[in-house]
Amino acid sequence: MQKTLSELAQIVGGKLIGDGNTLIKAITNIETPEKEALTFVTEEKFLGSLAGTTIAAVIVPPSISQFEKPLIQCPNPKLAWARLLWVFHPARAFDGKSSEKAVIHPTAKIGAGVTIESFAVIGENSVIGDRAVVRSGCVIDRNVQIGAETILQPNVMIYENCRVGNRVILHAGTVIGADGFGYVMDAGKYFKVPQLGNVVIEDDVEIGANTTIDRATMGSTIIRRGAKIDNLVQIAHNCDIGEHTVASAQVGISGSCTVGKYVTLAGQVGLGDHCEIGDQAIIGAQAGLPTGKKIPPQSAFLGSPARPLEDMKKQFAAQLRSAETLKVVRDLVKRVEALEQVPGT
Amino acid sequence: MQKTLSELAQIVGGKLIGDGNTLIKAITNIETPEKEALTFVTEEKFLGSLAGTTIAAVIVPPSISQFEKPLIQCPNPKLAWARLLWVFHPARAFDGKSSEKAVIHPTAKIGAGVTIESFAVIGENSVIGDRAVVRSGCVIDRNVQIGAETILQPNVMIYENCRVGNRVILHAGTVIGADGFGYVMDAGKYFKVPQLGNVVIEDDVEIGANTTIDRATMGSTIIRRGAKIDNLVQIAHNCDIGEHTVASAQVGISGSCTVGKYVTLAGQVGLGDHCEIGDQAIIGAQAGLPTGKKIPPQSAFLGSPARPLEDMKKQFAAQLRSAETLKVVRDLVKRVEALEQVPGT
Amino acid sequence: MQKTLSELAQIVGGKLIGDGNTLIKAITNIETPEKEALTFVTEEKFLGSLAGTTIAAVIVPPSISQFEKPLIQCPNPKLAWARLLWVFHPARAFDGKSSEKAVIHPTAKIGAGVTIESFAVIGENSVIGDRAVVRSGCVIDRNVQIGAETILQPNVMIYENCRVGNRVILHAGTVIGADGFGYVMDAGKYFKVPQLGNVVIEDDVEIGANTTIDRATMGSTIIRRGAKIDNLVQIAHNCDIGEHTVASAQVGISGSCTVGKYVTLAGQVGLGDHCEIGDQAIIGAQAGLPTGKKIPPQSAFLGSPARPLEDMKKQFAAQLRSAETLKVVRDLVKRVEALEQVPGT
């Protein structure tokens, strides 16, 4: 594919500065400033590394208007760049057919243009929305609903009664709706509490590879619209994960947690049961929240047990000095003892 | 389904207080006190939220005998409630047949009433016990034994020579018997130590989704009777996990650990090689045990590195004040210096 | 199988001490000193436990030359032992055939002696090297290259365009090449950055069960020759993992990290984005490295946030005393106040 710079400026609604006839044959990143390619910078300081390279043009924020190459000014250069990546690399087209080597229950309702690859299984009364893609080895149990244009990568497993929205992406090996981890002790044995609820995944959610989201004991475990969940994340029964919230890899969320909108959970964060995380809160990597912890909206927390970021930074700084502090204290004890023994005091 | 309250009291062996003819059409939780439904409370303080609701009746401990609704007194109300959930929602019935789209080796021995779904594979000389269920996409390698009434959810993988007991549940995507992580350095390369042992899972174990349990180098990695293992847990080669022990999600247990009976490992706990955890010990979330750590029976540990819970709580409390303490110490140093310079001292 | 001790000494290039006609029927570990078996010790102090047992002979380091049993002296006894384990337990032979129940795209190139089991899928233009093994349920997408003698255990999933070298082992359920976790905020929604790169796994790598390695946004996520990655590890987009590096179970490596050669990452270690780990560095279990952290070669780090091992040990020791230290400081404050109030000072 090739486009002129003015065509690309128009696609992203940016302001062209320089030669609009500049031919762009690739969209690239700043580390590989190829010939006839377009990249982006978010700040002036990054422009230097592009000076003198063969890069053809640069997407820049409105604060930048001069450079040795043609520019496209955009309020969010990275977003414009990502949009143009899709123009040059359109989403994969699937064939819209059901493989003869898939097993589709006769009662299942398969929408228009659905792709179902070999060795996929679609259970009784399940519904697959238009143009959805179910790749090889996926197992969709009975009474499952999958929305339109949703993509299930290979070997995704969805237990009965779960619901997945439109334009959702579930990466390979992810398990939706396995039993919540619930038992009652009975004369020295754990008695299993039946897990009767389901998982509801709303529209525009993306879930990484080998992640597990358990069904609710009763009611629903909910992943709300636009949430992005990375690989190997555990979300337990009855959690409610807010709209446009991000959970990085290996996050673990225990039962009945409520996570607000636009929250960021960094890698390996752990939440005990019944935590409540306010909207737009940020929880730093490896932080641990004890059972029932409430995090205010728009706050940042770090550490295990977690506390407000600024406090935790001070605590970490003091802990760095803790061996030294211990020595100082021991020395002080001796000096105070000496002072106390001075006659007349 | 519907039952009278007296029928339900009889099923759970509880003492009826109030109108035994009360009709119960659902078993529910305290958050959804529906009409004609039965729920439970474990303590008097929770009863308040049910007052004035449409709930039909409540299972209570023997300490409670008065309420505006009929009651069933039981020593363990939650257990009685879980039992009645099973009455109203019996375990799923499978069809007891082998799919023509499964691949079953001619030497495999398939018990009576076994369900084997499409695209499952049963290897040479493997044995599947009566009424077991092998769901779609499971791969059971050669010489594997699966007990009676065991359920393998979709895409469970069991490597050769492993043994799984009766009434075991393995959730989707779980891998049993992959090679232990063992190498010897050989002239700058890691040389693989063959992993010749297996995994033995005893009766009544439940293992969560996408969990991995490695085979022993020699001998067996053992998960003993009644243990409950959550999602995304790693159990390395040659571990021995005791009866009725619980490991929450994302726990990691390194090689050759011995974990006693009735132990609780909370979420994201990590054990180094050769740890020994005594019976009934409790290890708090995200705790880390260094190689070879021994934890006494009935003790509680927390933190990384872990120490006894009460000590760790005090340590955490002191660490919270560590930035402030550092300031106080610096101030003390100055004041002691000043005192030391007083003439005559 | 049975061999004489002198045959075995010859195989491993060791020096025989004692009766070379001693018949060896098994290779065992020190915990199970069976009759007619050979084991090894790495240090003299471990020999004691073999005295008086029925063990037939022992592999020892050159520093040991006397014992009640025949010996084979080797510079690396464990390596010699591992080699003999392979002699007594040769690697599994697969049948070198493609199952009729696999789906192999007509454009795929399948090497000589390749085994492809039932319900495996090989995509368009993919290439499988000679004598490779693709076990049941694996899904190899289009344009994937798999090297010679590589083994893919059941249900391994490889996304399009990825490359896997020779003699690689990928354990069950592992996902190679899922999308990197990259988004740009766009008017309150996350806009997905297309993930256009791939994963390159070089020769002699072994990757554990249910591990996830994401494709690069552009370019390649690289796992270099001889690296050993355990179960449930997450390696994000654009990481570069050095030759002969080890990552234990549940390690999480964020985007664009560079990990050197011969590095050891212990269990549950977490690396933020853009970390750089020098060659031969050792990162202790559960350590956490903040974004952009650089670790020098041959250093050892521990803790979260991580610092040099020796410093962290001192910090941990001081933290153990932090509750007590707090008390001492409070007492000192009172004593200094008292001293300050002495008349004349």
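Computed from a predicted structure; not experimentally measured. Heavy atoms only: backbone and side chains are in, while hydrogens, waters and symmetry mates are out.
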Which of B:T325, B:T217, B:V193, B:N210 touches chain C most, by non-hydrogen pairs under 4.5 Å:
B:N210
Roughly how far apart are C:M157 CE and C:L170 CG, rounded to 0.5 Å?
10.5 Å
Residue part contacting chain B, namely of C:D230, when any heavy atom lies under 4.5 Å:
both
Side chain / backbone / both / neither for B:Q286 at chain C, heavy atoms under 4.5 Å:
backbone
Select, from B:M218, B:M312, B:E160, the one with the greatest count of heavy-atom pairs under 4.5 Å involving chain C.
B:M218
Is the C:H244 ring parallel, tilted or perpendicular to the C:Y262 ring (thresholds 30°, 60°)?
parallel
For the candidates B:G182, B:A317, B:S304, which exhibits the highest count of non-hydrogen atom pairs separated by less than 4.5 Å from chain C?
B:S304
Atom of B:S220, atom of B:V200 and distance for their closest heavy-atom approach:
OG-CG2, 3.6 Å
Measure B:K101 against the heavy atoms of chain C and call it side chain, backbone, both or neither at under 4.5 Å.
backbone
So which of B:I169, B:T174, B:V164, B:V156 actually passes side chain to side chain contact (heavy atoms under 4.5 Å, CB included) with B:I207?
B:T174
Spatial distance of atom SG (B:C138) from atom CG (B:L152) [nearest 0.5 Å]:
5.0 Å
State whether a side-chain donor-acceptor pair under 3.5 Å links B:T212 with B:Q234.
yes
Bottom line for C:A285: the part with an atom under 4.5 Å from chain B's heavy atoms is neither
Side chain, backbone, both or neither of C:L320 within contact of chain B (heavy atoms, under 4.5 Å)
both
Report the C-alpha separation of B:R215 and B:D179 in whole Å, then their side-chain angles, then the decisive distance to 0.1 Å, and conclude whether the side chain to side chain contact (heavy atoms under 4.5 Å, CB included) test is met.
CA-CA 6 Å; B:R215 66 197 308 105; B:D179 284 354; 3.5 Å; yes
Please name the pair of heavy atoms, one in C:V269 and one in C:A266, separated by the smallest distance, quoted to 0.1 Å.
CG2-O, 3.1 Å
Side chain, backbone, both or neither of B:S254 within contact of chain C (heavy atoms, under 4.5 Å):
neither
Check each atom of B:Y159 against the heavy atoms of chain C and say whether the ones under 4.5 Å are side chain, backbone, both or neither.
side chain
Does a donor on one side chain and an acceptor on the other come within less than 3.5 Å for B:Y190 and C:E206?
no
Most heavy-atom pairs under 4.5 Å with chain B, out of C:H89, C:K228, C:K78, belong to C:K228
What part of B:V139 gets within 4.5 angstrom of chain C, counting heavy atoms only: side chain, backbone, both, or neither?
side chain
Among C:E337, C:R330, C:R335, the one residue meeting side chain to side chain contact (heavy atoms under 4.5 Å, CB included) with C:V333:
C:E337
Atom group of C:R135 that falls short of 4.5 Å from chain B, counting heavy atoms
side chain
I'd like to know if C:R167 and C:D204 make a salt bridge, using a cut-off of under 4.0 Å between side-chain N and carboxylate O.
yes
Please state whether the side chain, the backbone, both or neither of C:L84 comes within less than 4.5 Å of a heavy atom of chain B.
neither
Per-residue tally against chain B (heavy atom, under 4.5 Å) across C:T32, C:L302, C:V246 peaks at C:V246
Test your reading of the model: is there a side-chain donor-acceptor pair from B:S118 to the backbone of B:A102, 3.5 Å cut-off?
no
Pair C:Q315, C:Q319 - check side chain to side chain donor-acceptor pair (under 3.5 Å), show working.
CA-CA 6 Å; C:Q315 180 179 325; C:Q319 283 175 201; 2.7 Å; yes
Whether the side chain of C:N231 engages the backbone of C:G208 through a donor-acceptor N/O pair (distance < 3.5 Å, no angle test) should be reported.
no
Taking every heavy-atom pair that is under 4.5 Å apart, which of B:V121, B:L332, B:T211 has the most such pairs with chain C?
B:L332
Part of C:L79 within contact of chain B (heavy atom distance under 4.5 Å)
both
Does any heavy atom of chain C fall under 4.5 Å from the side chain of B:M185, the backbone, both, or neither of them?
both
For B:L232, is it the side chain, the backbone, both, or neither that has a heavy atom closer than 4.5 Å to a heavy atom of chain C?
both
Give the member of B:G188, B:G272, B:G288 that has the highest number of heavy-atom pairs under 4.5 Å with chain C.
B:G188
Identify which part of B:F191 has an atom lying under 4.5 Å from any heavy atom of chain C, answering side chain, backbone, both or neither.
side chain
Using a 4.5 angstrom heavy-atom cutoff, name the option from B:P305, B:G180, B:G173, B:S322 with the most pairs to chain C.
B:P305
Could you tell me which non-hydrogen atom of B:C257 sits nearest to which non-hydrogen atom of B:L271, and how far apart they are?
SG-CB, 4.0 Å
Please state whether the side chain, the backbone, both or neither of B:T291 comes within less than 4.5 Å of a heavy atom of chain C.
neither
For B:A120, is it the side chain, the backbone, both, or neither that has a heavy atom closer than 4.5 Å to a heavy atom of chain C?
backbone
Counting only non-hydrogen atoms closer than 4.5 Å, does B:D331 touch chain C with its backbone (N, CA, C, O), its side chain (CB onward), both, or neither?
neither
